[in-house]
2 protein chains.
Amino acid sequence: MGITKSEIFTKEQNSIAKIAKVLGHPARIAILQSIIKSQSCICGDLVTEIGLAQPTVSQHLKELKNLGIIKGTISGTSVCYCINHENWNEIKAILNNFLNLNNLAENCCKI
Amino acid sequence: MGITKSEIFTKEQNSIAKIAKVLGHPARIAILQSIIKSQSCICGDLVTEIGLAQPTVSQHLKELKNLGIIKGTISGTSVCYCINHENWNEIKAILNNFLNLNNLAENCCKI
DNA sequence: TTTATACATTGCAATATTACGATTAATATT
DNA sequence: AATATTAATCGTAATATTGCAATGTATAAA
């Protein structure tokens with residue numbers, strides 16, 4: 001039905017999936033890399049740098065902001081975006097926690 | 001248009017996004033956690049454990065398999081799935097590499 | 001061989017996502 | 001004030017995803 005049955009999963013599972021879903025688009029990865037690379041706020045150059053139309057970039061920025069991984073302030077006619085370090089670290093911790101789960105597991109399938 | 005313009009992004013960006021996209025559903029997180037927890041293969045019990053219909057679980061398994069994060073072998077009438085450790089570690093490395101990018105960045109936005 | 005079991009595949013309906021043109025809102029510049 | 005600049009929002013088309021019933025396939029058990 002195109003609708004995800006979030007209610008049957010744990011908070012943690014939904015949380016991990018929600019983060020991963022937002023990271024699941026190359027434009028959003030590109031935006032994050034660009035913000036990080038600039039070591040500060042980025043403004044309008046994003047549109048030319050990413051290569052998508054301005055409304056599209058704006059939409060991706062909104063999703064990143066909703067997740068809390070970036071934050072922005074209006075400065076003049078432009079908007080200034082940067083990483084929300086506190087949230088980024090939390091997201092990193094949640095993903096790392098999941099990614100490190102399998103340390104003890106052994107292979108069992110042969111193919 | 002619902003279609004992702006992968007061609008305008010780097011291989012790395014597409015790679016990160018592809019991994020994250022597959023992890024971006026709670027059912028697939030639940031399946032992975034279940035496989036890891038059992039330390040060995042899980043078969044049809046996944047369906048009762050996850051709480052989704054068998055074709056739906058089968059579809060999620062297919063996506064995980066396509067990404068290479070799990071592998072499966074037929075054993076009798078059932079199929080045995082487990083983590084593909086080599087690929088899991090590679091996926092972990094790719095994600096970690098991205099998640100650790102911002103170590104040097106400083107805050108600049110005030111809100 | 002027949003029947004049961006376990007899983008994959010197909011087909012479909014509901015919903016979500018992606019992308020962009022047009023428009024709007026807000027501030028800067030003149 | 002008039003105009004320019006920047007980015008958000010709205011509306012919409014194209015495509016993707018989610019979920020499941022029905023069906024198909026393969027092995028096991030009888």
Side-chain angles (χ1 to χ4, degrees), chain A residues 1-9 13-14 17-31 34-35 41-67 70-82 109 111, chain B residues 1-9 13-14 17-31 34-35 41-67 70-82 109 111:
Chain A
M1 297 162 184
I3 196 166
T4 298
K5 290 186 158 184
S6 311
E7 70 278 6
I8 68 172
F9 302 107
Q13 285 158 355
N14 283 312
K18 191 176 149 198
I19 293 167
K21 195 172 186 180
V22 173
L23 297 180
H25 194 290
R28 295 194 283 270
I29 299 297
I31 288 171
S34 181
I35 294 179
C41 301
I42 42 92
C43 312
D45 5 313
L46 255 187
V47 173
T48 38
E49 198 169 332
I50 302 296
L52 290 171
Q54 178 266 321
T56 308
V57 173
S58 192
Q59 196 175 285
H60 285 305
L61 283 168
K62 192 179 169 186
E63 284 178 70
L64 291 169
K65 215 170 156 188
N66 278 344
L67 184 64
I70 63 171
K71 54 186 175 178
T73 42
I74 294 168
S75 77
T77 58
S78 65
V79 174
C80 165
Y81 283 105
C82 67
C109 297
I111 293 173
Chain B
M1 297 160 185
I3 196 167
T4 298
K5 291 185 160 183
S6 312
E7 70 278 6
I8 67 171
F9 302 106
Q13 285 158 354
N14 283 313
K18 191 176 149 198
I19 292 167
K21 195 172 186 179
V22 173
L23 297 180
H25 194 291
R28 295 193 282 268
I29 299 297
I31 288 171
S34 181
I35 293 179
C41 297
I42 292 244
C43 311
D45 349 321
L46 266 182
V47 173
T48 38
E49 196 171 333
I50 302 294
L52 290 171
Q54 177 265 319
T56 308
V57 172
S58 191
Q59 195 176 288
H60 286 305
L61 283 167
K62 191 179 171 185
E63 284 179 70
L64 291 168
K65 214 170 156 189
N66 278 345
L67 184 64
I70 63 172
K71 53 187 174 178
T73 43
I74 294 167
S75 77
T77 58
S78 64
V79 175
C80 166
Y81 284 104
C82 66
C109 296
I111 292 174

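Chain naming here is simple, since letters A, B, ... match the order of the sequence lines and numbering starts at 1 in each.
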Distance in angstrom units between [X] [atom1] and [N] [atom2], rounded:
{"X": "A:N66", "N": "C:dA16", "atom1": "CG", "atom2": "P", "value": "15 Å"}
{"X": "B:I74", "N": "C:dA8", "atom1": "CD1", "atom2": "P", "value": "8 Å"}
{"X": "A:E7", "N": "D:dT18", "atom1": "CD", "atom2": "C1'", "value": "13 Å"}
{"X": "A:N14", "N": "D:dT18", "atom1": "CG", "atom2": "P", "value": "13 Å"}
{"X": "B:E49", "N": "C:dA6", "atom1": "CD", "atom2": "C1'", "value": "17 Å"}
{"X": "B:D45", "N": "C:dT5", "atom1": "CG", "atom2": "C1'", "value": "13 Å"}
{"X": "A:L64", "N": "C:dT18", "atom1": "CG", "atom2": "P", "value": "11 Å"}

Nearest 0.5 Å please: distance from the [atom1] atom of [X] over to the [atom2] atom of [Y].
{"X": "B:L52", "Y": "B:I31", "atom1": "CG", "atom2": "CD1", "result": "8.0 Å"}
{"X": "A:I70", "Y": "A:I35", "atom1": "CD1", "atom2": "CD1", "result": "4.5 Å"}
{"X": "B:S78", "Y": "B:D45", "atom1": "OG", "atom2": "CG", "result": "8.5 Å"}

Quick check: on DNA chain C, is the nucleotide nearest A:T4 upstream (toward 5') of the one nearest B:T4, or the reverse? Name the residue that is more 5'. A:T4
With sequence neighbours left out, write down each residue that passes side chain to side chain contact (heavy atoms under 4.5 Å, CB included) with B:S6, or none if nothing qualifies. B:T4, B:N14
Pairing nucleotide - C:dT30, Watson-Crick or G-U, each distance under 3.5 Å: D:dA1
With sequence neighbours left out, write down each residue that passes side chain to side chain donor-acceptor pair (under 3.5 Å) with [X], or none if nothing qualifies.
{"X": "B:Q13", "result": "A:Q33, B:T10"}
{"X": "A:Q54", "result": "none"}
{"X": "A:E63", "result": "A:R28"}

At a heavy-atom distance below 4.0 Å, what parts of residues 21-29 of chain A sit against DNA chain C? A:K21, A:H25, A:R28
Please check if the number of heavy atoms outside A:I8 that lie under 6.0 Å from its CD1 is greater than 12. yes
OP1 or OP2 of D:dC20 sitting under 4.0 Å from any side-chain N/O of B:T56? yes
Below the 4.0 Å mark, does D:dT17 have OP1 or OP2 next to a side-chain nitrogen or oxygen of B:H60? no
Among the nucleotides D:dA28, D:dA7, C:dC20, whichever has the atom closest to the side chain of B:K5 is C:dC20
What one should report as the nearest heavy-atom pair of B:V47 and B:A53 is CG1-C, 4.4 Å
Taking any heavy-atom pair under 4.0 Å as a contact, classify B:L52: base, sugar-phosphate, or nothing. sugar-phosphate
Which atoms of nucleotides 8-11 of chain D (N or O only) lie under 3.5 Å from a protein N or O atom, and what are those distances?
residue, atom, partner, partner atom, Å
D:dA8, OP1, A:Y81, OH, 2.3
D:dA8, OP2, A:S58, OG, 2.5
D:dA8, O5', A:S58, OG, 3.3
D:dA8, N7, A:Q54, NE2, 2.6
D:dA8, N6, A:Q54, OE1, 3.0

